[in-house]
Amino acid sequence: MCVAFCAVLAAVPPILQSAFTHNRAEADHWAFTETIRTTDYRGRETGATIVRVDPSLPYAEQFRPIQVSGHAPTTKDRQDFERLGDSIGKQEADRPADAPPEIQVNDMKAAVDVDSATLVGEDARTWSFRLPLKAEAKSSLPTEKLELILRVSKSTLGYDSASLRLISPWRTRIVVKVNEAHLDLRWNLVDPKHSPLMVAEDGTMSASILFVHRGGWLKVRRTDFKRVTPFADRFGVKLGPLKVLPF
């Protein structure tokens, strides 16, 4: 499971617009190491995948595998990551500047309706916004069954955390029914001179396949941040932030 935010200036609540602006300014200016741990559909933990992500490099070199599913990367693994970087770079280059924010769950996408965002909570640290989703063409993502909450930090005016959860069961195929699913994202202040960066993803899922219960989890951690100049900026072109790896 994977989720990605692409910020855009729109007629949104001022607090939320400020957070989008800050996030967009920072998202593609940092190299980092991403460690992905997950389970298979039977709930058995697989080996970790570790990737160095560097948006200052040419697109095909931006994802450098250090370890893939617990083993040293093969030639095929390196080629797969090169194709991934090249594909993402081209997608972002073709993405209109006024395109709405989006989330991506595996290969399914939905647009985030920021114009319809509502403030649904507030505490001493954060404001919480509910962001409606709109399914994109040819996407089977059940947006009516999903709830996205984004929390904005009062101290940094940047992202604090977000949660995407399934609010009712989702039958993806005749024999597959997803009963529960939840994904949490967390941002931290890596450098006080800049806005918070996403540092963690934690997800769980419970499903039934032919009435047999299956479950799994996902843990993603980002470390070793280094501020860089995006590759696209060398040509005077502004692209969207790199997306979370689709694992």
Side-chain angles (χ1 to χ4, degrees), residues 1-27 88 91-92 94-123 125-154 156-172 176-187 195-198 200-207 218 220 239-244 246:
M1 184 179 289
C2 155
V3 174
F5 286 92
C6 299
V8 63
L9 291 177
V12 300
I15 296 168
L16 194 55
Q17 180 171 319
S18 176
F20 279 139
T21 301
H22 284 105
N23 185 69
R24 184 174 181 83
E26 296 298 324
I88 289 177
Q91 287 177 23
E92 294 300 339
D94 293 337
R95 185 176 174 82
D98 59 350
E102 67 177 18
I103 66 165
Q104 182 172 326
V105 179
N106 293 332
D107 58 349
M108 299 173 289
K109 295 181 180 180
V112 180
D113 184 5
V114 291
D115 290 333
S116 300
T118 55
L119 181 66
V120 294
E122 180 180 356
D123 58 29
R125 293 181 54 254
T126 63
W127 295 282
S128 297
F129 294 90
R130 178 181 290 113
L131 301 172
L133 302 174
K134 293 181 178 179
E136 295 193 355
K138 300 181 181 180
S139 175
S140 59
L141 196 64
T143 54
E144 75 283 357
K145 297 177 180 290
L146 296 172
E147 180 183 64
L148 175 62
I149 301 294
L150 176 65
R151 300 170 193 87
V152 176
S153 168
K154 290 184 175 181
T156 67
L157 298 182
Y159 294 169
D160 175 85
S161 58
S163 60
L164 179 69
R165 70 184 185 97
L166 187 68
I167 57 178
S168 63
W170 168 29
R171 188 172 295 280
T172 63
V176 179
K177 180 181 179 183
V178 181
N179 300 307
E180 296 180 2
H182 198 283
L183 184 68
D184 293 312
L185 294 87
R186 179 165 51 86
W187 284 258
S195 295
L197 303 175
M198 196 182 81
E201 264 189 277
D202 291 281
T204 59
M205 185 179 71
S206 173
L218 166 77
V220 179
L239 300 183
L242 289 171
K243 297 182 179 180
V244 182

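Side chains included, hydrogens not; waters and symmetry mates left out as well; all remaining heavy atoms used.
Once rounded to the nearest 0.5 Å, the distance linking CG of Leu164 with CD of Glu147 reads 9.0 Å. In this structure, Thr156 OG1 and Trp187 CH2 are separated by 11.0 Å, a value rounded to the nearest 0.5 Å. Note that CD1 of Ile149 is 7.5 Å distant from CG of Leu131, once rounded to the nearest 0.5 Å. Between the OG atom in Ser163 and the CG atom in Leu150 there is a gap of 9.0 Å [rounded to 0.5 Å]. The OG atom of Ser128 sits 6.5 Å away from atom CG of Asp123, with the distance rounded to the nearest 0.5 Å. To the nearest 0.5 Å, the span separating CZ on Phe20 from CD1 on Ile15 amounts to 12.5 Å.
Judged purely by atom type and a 3.5 angstrom limit, Thr21 uses its side chain to pair as donor or acceptor with the backbone of Gln17.
For the pair Glu201 and Leu183, the minimum side-chain heavy-atom distance is below 4.5 Å. For the pair Tyr159/Thr126, no side-chain contact is recorded, criterion being any heavy-atom separation below 4.5 Å from C-beta on.
When all heavy atoms of Pro196 and Gly158 are compared, the pair lying nearest together is CD-CA, 4.1 Å. For Leu146 against Leu133, the heavy-atom pair with the smallest separation is CB-CD1, 4.0 Å. Closest approach of Glu26 to Leu197, counting heavy atoms only: CB-CD2, 4.0 Å.
For Lys145, the side-chain contact (heavy atoms from CB on, under 4.5 Å) partners two or more places apart in sequence, or in a different chain, are Pro142, Leu166, Ser168, Trp170.
Evaluated for a side-chain hydrogen bond (donor to acceptor under 3.5 Å, both in side chains) with Asp160, the options Arg186, Arg125, Lys154, Arg151 yield exactly one hit, Arg125.
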